[in-house]
Participant: 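Sharing a structure, written as C-alpha cells. Questions coming.
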Amino acid sequence: MVDRILGIETSCDETAAAVLIDGRHVASNIVHSQTALHERWRGVVPEVASRSHTQRILPIVDEALRVADVRPHELDAIAVTHRPGMIGCLLVGLAAAKALAWRYARPLIGVDHVQAHIHAAFLAEPDMPLPALALVASGGHTALWLVHEPGRTERLGTTRDDAAGEALDKGAALLGLPYPGGPSIQAAAVGGDPRAIDLPRSMLGDSLDFSFSGVKTALLYGLRGPGATAPMPALPPERVRDLACAYQEAIVDVLIRKLARAAERHPVQALCIGGGVARNTRLRERLQTHRSLAGLRLVLPPLALCSDNGAMIAALGRLHWQRGEIADLDLDAIATPQAGGKARRPA
Ligand code: KG4
Ligand code: ZN
C-alpha cells in the first residue's frame, strides 16, 4: 500500500511543506525563504518570522498538495517540526498541522528538526551503511552525531558558542558581505588566498565539541586591531575575497578535522552531512578529498535537502508513524533540542 506523508516545517525562517510518497519519492518540496525580510537585521527576527509564517503557511501547504497531486484526505499522516526552534515560529506550523490532523482525522506526528536534518541522508541514500557519522551544521546548530540506525542517534559533540553558520553570517557582516553570510562568503571567496590571514582553528583539546567565537574575533581584530573601536576600514575587493577565503577555510577546516577525529574514535561505515552549511561547496570538496575520511561512504544530500525543508520532516515523521509514535492534539512547541542529544529509542 502506498503511503503519503505531509511534512511541515516552520522552526526558523523557512516556511516549508512537502509530500513524501512511500518514504522515497519526494512528490513536492515547497520552501518559502524569508531572507529578504531579515536581511536588514542580519539575522532572524523572531516576531517578523512568525508573522510571515502565519501569512504563508496555508498557501505553502496547498501548493505542496497541489504539486504532489494529493488530496488532504489521501494523506496517511501529518508530520510537523515541534522542536527545537523559535516558539512563535514553531507554533504556526503546529497550529496548521493540528488543524489538518483534526479536520481530516489523520495522525499527527511531532518531529525534532535536528534529527530530521540527520535523517535527510536516508532520503538521499536509503541504504546508507551503518553506523554512520553525521555532521549537522546550520545557523542555529553545529553538532556531531553517531547514527546507530534510522531514528536512533547519539550526540558526540556540539558547539559551545556560535554555530558554524552563525559564524559565517557574522563574519560576512564584518567583511561587508550580504546576509546570509554562508552563501555570500562562499561566492566572495572564489579564487582567494586561504592563507591571507592567520586564523585560529579551535580544537578544544581532544574534545568533539566546537567553538567558533574565536575565529570570528580573530577576523575582527585582523581587520581593525585588537580591542579597537575604530570604524571598520573600507577594503578593496581583492582583500575581501582573500579574507572571505581564509575565513571560510578556517571554519571548514575545523568541521573536517572534528569529523576525522570522530571517525578515528568510532568505527563507522559512512559519513553524512546536513543543515544549511552542508550546502557549502568547499566543505563538500574537502570531504571528498580528505585522506583520513577515505574509505567511508560519503553521503552528501542534494542542496535542497540540506537547508530547512518539509521533505526531511516527512521522512523522519514517517518513521515515527510506522513505529506508532503518534502525538496528541495538545503536542507542545519546545525551543530546545532533545535532552542530552539522545534521540528517542525505538519501542
Ligand atoms: O539549516 P538552515 O537553512 O537553517 C537553520 O536551521 O539555521 O541553515 C542556515 C545557515 C545560515 O547560517 C547560512 O549562512 C548557512 O546555513 N548557509 C551556508 C551556505 N548556505 C547556507 N553556509 C555555507 N555555505 C553555504 N553555501
Ligand atoms: Zn535547520
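Position 1 is the first residue of the sequence; numbering continues from there.
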Participant: Tell me, please, which residues at least two apart from R239 pass salt bridge (charged side-chain N to carboxylate O under 4.0 Å, His left out).
Facilitator: none

Participant: Going only through I, L, V, M, F, W and Y residues with side-chain contacts under 4.5 Å, is there a path from I334 to I109?
Facilitator: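 No; tracing contacts between hydrophobic side chains, which count when under 4.5 Å, never links both residues.
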
Participant: Between R106 (side chain) and Y104 (backbone), is there a donor-acceptor pair under 3.5 Å?
Facilitator: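 Yes; at least one donor-acceptor contact below 3.5 Å.
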
Participant: Would you say that L243 contacts L223 through its side chain, given a criterion of any heavy-atom pair below 4.5 Å between the two side chains?
Facilitator: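 Side chain of L243 against side chain of L223, heavy atoms only: contact under 4.5 Å found.
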
Participant: Taking K216 first and then E166, would you say they form a salt bridge - that is, a charged N and a carboxylate O separated by under 4.0 Å?
Facilitator: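 So K216 does not pair with E166 through a salt bridge.
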
Participant: Apply salt bridge (charged side-chain N to carboxylate O under 4.0 Å, His left out) to E238 and list each qualifying residue two or more places apart in sequence or on a separate chain.
Facilitator: none

Participant: Given 3.5 Å as the limit, does a donor-acceptor pair link the side chain of R155 with the main chain of A143, or not?
Facilitator: no

Participant: Work out which heavy atom in E74 is nearest to a heavy atom in D69; give both atom names and the distance.
Facilitator: OE1-O, 4.3 Å

Participant: Among all residues two or more places apart in sequence or in another chain, which pass the salt bridge (charged side-chain N to carboxylate O under 4.0 Å, His left out) test with D209?
Facilitator: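 With neighbours one apart ignored, the set is R160.
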
Participant: When rounded to the nearest 0.5 angstrom, what is the spacing between CZ in R323 and CG in L319?
Facilitator: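 Going from the CZ atom of R323 to the CG atom of L319 covers 4.0 Å.
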
Participant: Once side-chain contact (heavy atoms from CB on, under 4.5 Å) is applied, do any residues pair with R42, and if so which ones, sequence neighbours excluded?
Facilitator: A173, Y179

Participant: Show me the pairs that pass ring pair (Phe, Tyr, Trp, His ring centres under 6.0 Å) and involve residues 21-62, at least two apart or across chains.
Facilitator: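 Residue pairs passing ring pair (Phe, Tyr, Trp, His ring centres under 6.0 Å), neighbours aside: none found.
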
Participant: Do D3 and I5 make a side-chain contact, defined as non-hydrogen atoms from C-beta onward lying under 4.5 Å apart?
Facilitator: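 Yes, close enough: below the 4.5 Å cut-off.
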
Participant: Run the side-chain contact (heavy atoms from CB on, under 4.5 Å) test against T289 and tell me which residues pass, sequence neighbours left out.
Facilitator: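 Here no residue qualifies.
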
Participant: Check whether more than 12 heavy atoms from other residues, nucleotides or ligands sit under 6.0 Å from atom CZ of R261, and answer yes or no.
Facilitator: yes

Participant: Indicate yes or no: does E249 engage R195 in a salt bridge with an N to O separation below 4.0 Å.
Facilitator: no

Participant: State, yes or no, whether a side-chain contact exists between L271 and V299 at a heavy-atom distance under 4.5 Å.
Facilitator: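 SC-SC contact between L271 and V299 ruled out.
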
Participant: Could I get the full list of side-chain contact (heavy atoms from CB on, under 4.5 Å) partners for P237, not counting sequence neighbours?
Facilitator: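 For P237, no residue satisfies side-chain contact (heavy atoms from CB on, under 4.5 Å) once neighbours in sequence are set aside.
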
Participant: Within the 4.5 Å heavy-atom criterion, are L219 and L175 side-chain neighbours or not?
Facilitator: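 L219 reaches L175 side chain to side chain.
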
Participant: Looking at every heavy atom in both A333 and I87, which two are closest together, and how far apart are they?
Facilitator: O-CD1, 3.5 Å

Participant: Write out all pairs satisfying side-chain hydrogen bond (donor to acceptor under 3.5 Å, both in side chains) with one or both partners inside residues 196-206, taking only residues at least two apart or from two chains.
Facilitator: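 Matches after skipping sequence neighbours: R201-D253.
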
Participant: Decide, yes or no, whether a salt bridge links E149 with R152 under the criterion of side-chain N to carboxylate O below 4.0 Å.
Facilitator: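 Yes.
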
Participant: Any chain of hydrophobic side-chain contacts (each under 4.5 Å) joining I313 to L100?
Facilitator: no

Participant: Report the C-alpha distance between T153 and Q115 in whole Å, list the side-chain angles of each, state the deciding distance to 0.1 Å, and finish with yes or no for side chain to side chain donor-acceptor pair (under 3.5 Å).
Facilitator: CA-CA 8 Å; T153 62; Q115 297 302 315; 2.7 Å; yes

Participant: Is there a path from L177 to L235 through hydrophobic residues (I, L, V, M, F, W, Y) whose side chains come within less than 4.5 Å of each other?
Facilitator: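 Result: yes, single cluster for both.
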
Participant: Check the hydrophobic clustering (I, L, V, M, F, W, Y; side-chain heavy atoms under 4.5 Å; chains of links allowed) and say if M86 and V48 are grouped together.
Facilitator: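 No, it is not one cluster - the side chains of M86 and V48 are not joined through contacts under 4.5 Å.
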
Participant: Would you indicate whether the side-chain heavy atoms of S28 and L65 approach each other to under 4.5 Å?
Facilitator: no

Participant: Quick check against the 3.5 Å criterion: does T10 have a side-chain atom that pairs as donor or acceptor with the backbone of G93?
Facilitator: yes

Participant: Check whether any side-chain N or O of D242 sits under 3.5 Å from a backbone N or O of C245 as a donor-acceptor pair, and report yes or no.
Facilitator: no

Participant: Taking only distance into account, with no hydrogens and no angle test, what donor-acceptor pairs under 3.5 Å do side-chain atoms of residues 130-139 form with protein atoms, sequence neighbours excluded?
Facilitator:
unit_1, atom_1, unit_2, atom_2, d
S138, OG, G140, N, 3.3
S138, OG, H141, N, 3.2

Participant: If I take atom CD1 from residue I197 and atom CG from residue D193, how far apart are they, to the nearest 0.5 angstrom?
Facilitator: 11.0 Å

Participant: May I ask you to say whether K170 pairs ionically with D162, meaning some side-chain N is under 4.0 Å from a carboxylate O?
Facilitator: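 Yes, K170 and D162 are salt-bridged.
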
Participant: Report the distance from atom OG1 of T142 to atom CG of L255, rounding to the nearest 0.5 Å.
Facilitator: 6.5 Å

Participant: Could you walk me through whether E14 and S307 satisfy the side-chain contact (heavy atoms from CB on, under 4.5 Å) test, starting with their C-alpha distance in whole Å, then the side-chain angles of each, then the deciding distance to 0.1 Å, before giving a yes or no?
Facilitator: CA-CA 9 Å; E14 266 89 30; S307 37; 5.6 Å; no

Participant: Would a distance-only check, ignoring hydrogens and angles, find a side-chain to backbone donor-acceptor pair under 3.5 Å from K98 to L329?
Facilitator: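 Yes; at least one donor-acceptor contact below 3.5 Å.
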
Participant: Any idea which heavy atoms bring L20 and A315 closest together, and the distance?
Facilitator: CD2-CA, 3.4 Å

Participant: Report yes if the side chains of T158 and F210 come closer than 4.5 Å at any heavy-atom pair, otherwise no.
Facilitator: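 When only atoms from C-beta onward are counted, F210 and T158 do not touch, as no gap falls below 4.5 Å.
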
Participant: Roughly how far, to the nearest 0.5 Å, is the CD1 atom of I57 from the OG atom of S50?
Facilitator: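 S50 atom OG to I57 atom CD1 measures 12.5 Å (nearest 0.5 Å).
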
Participant: Going from CG on L94 to SG on C89, what distance comes out if it is rounded to the nearest 0.5 angstrom?
Facilitator: 11.5 Å

Participant: Could you state the interatomic distance from CD1 (I251) to CZ (F212), rounded to the nearest 0.5 Å?
Facilitator: 6.5 Å

Participant: Tell me whether I60 shares a hydrophobic cluster with L37, the cluster being built from Ile, Leu, Val, Met, Phe, Trp, Tyr side chains joined at under 4.5 Å.
Facilitator: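 In one cluster with I60: L37, no.
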
Participant: Measure across R83 and L90 and return the closest heavy-atom pair with its distance rounded to 0.1 Å.
Facilitator: N-CD2, 4.0 Å

Participant: Of the options I273, L283, L305, which is the one that meets L300 in a side-chain contact (heavy atoms from CB on, under 4.5 Å)?
Facilitator: I273

Participant: With sequence neighbours excluded, tell me which residues meet side-chain contact (heavy atoms from CB on, under 4.5 Å) with A97.
Facilitator: I8, I78, V80, L108

Participant: With R284, which residues qualify under salt bridge (charged side-chain N to carboxylate O under 4.0 Å, His left out), at least two apart?
Facilitator: none

Participant: F122 versus D127: any side-chain heavy-atom pair under 4.5 Å?
Facilitator: no

Participant: Ignoring hydrogens and geometry, is there a side-chain-to-backbone donor-acceptor pair from D22 to R24 under 3.5 Å?
Facilitator: no

Participant: Is the count of non-hydrogen atoms from other residues, nucleotides or ligands lying under 6.0 Å from R4 atom CZ greater than 12?
Facilitator: yes

Participant: Locate the shortest heavy-atom distance separating I185 from A172; write the atom from each residue and the value.
Facilitator: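 So the two residues come closest at CD1-N, 3.7 Å.
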
Participant: Determine, stepwise, if the pair N280 / Q248 fulfils side chain to side chain donor-acceptor pair (under 3.5 Å).
Facilitator: CA-CA 9 Å; N280 187 265; Q248 173 178 257; 3.0 Å; yes

Participant: Below 4.5 Å, heavy atoms only, C-beta onward: do M203 and R257 meet side chain to side chain?
Facilitator: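 When only atoms from C-beta onward are counted, R257 and M203 do touch, with a gap below 4.5 Å.
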
Participant: Any idea which heavy atoms bring D169 and G182 closest together, and the distance?
Facilitator: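 The answer is OD1-N, 3.6 Å.
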
Participant: List the residues meeting ring pair (Phe, Tyr, Trp, His ring centres under 6.0 Å) with H117, not counting sequence neighbours, and say none if there are none.
Facilitator: H113

Participant: Run Q186 and S184 through side chain to side chain donor-acceptor pair (under 3.5 Å) and show every step you take.
Facilitator: CA-CA 5 Å; Q186 176 180 304; S184 64; over 6 Å; no

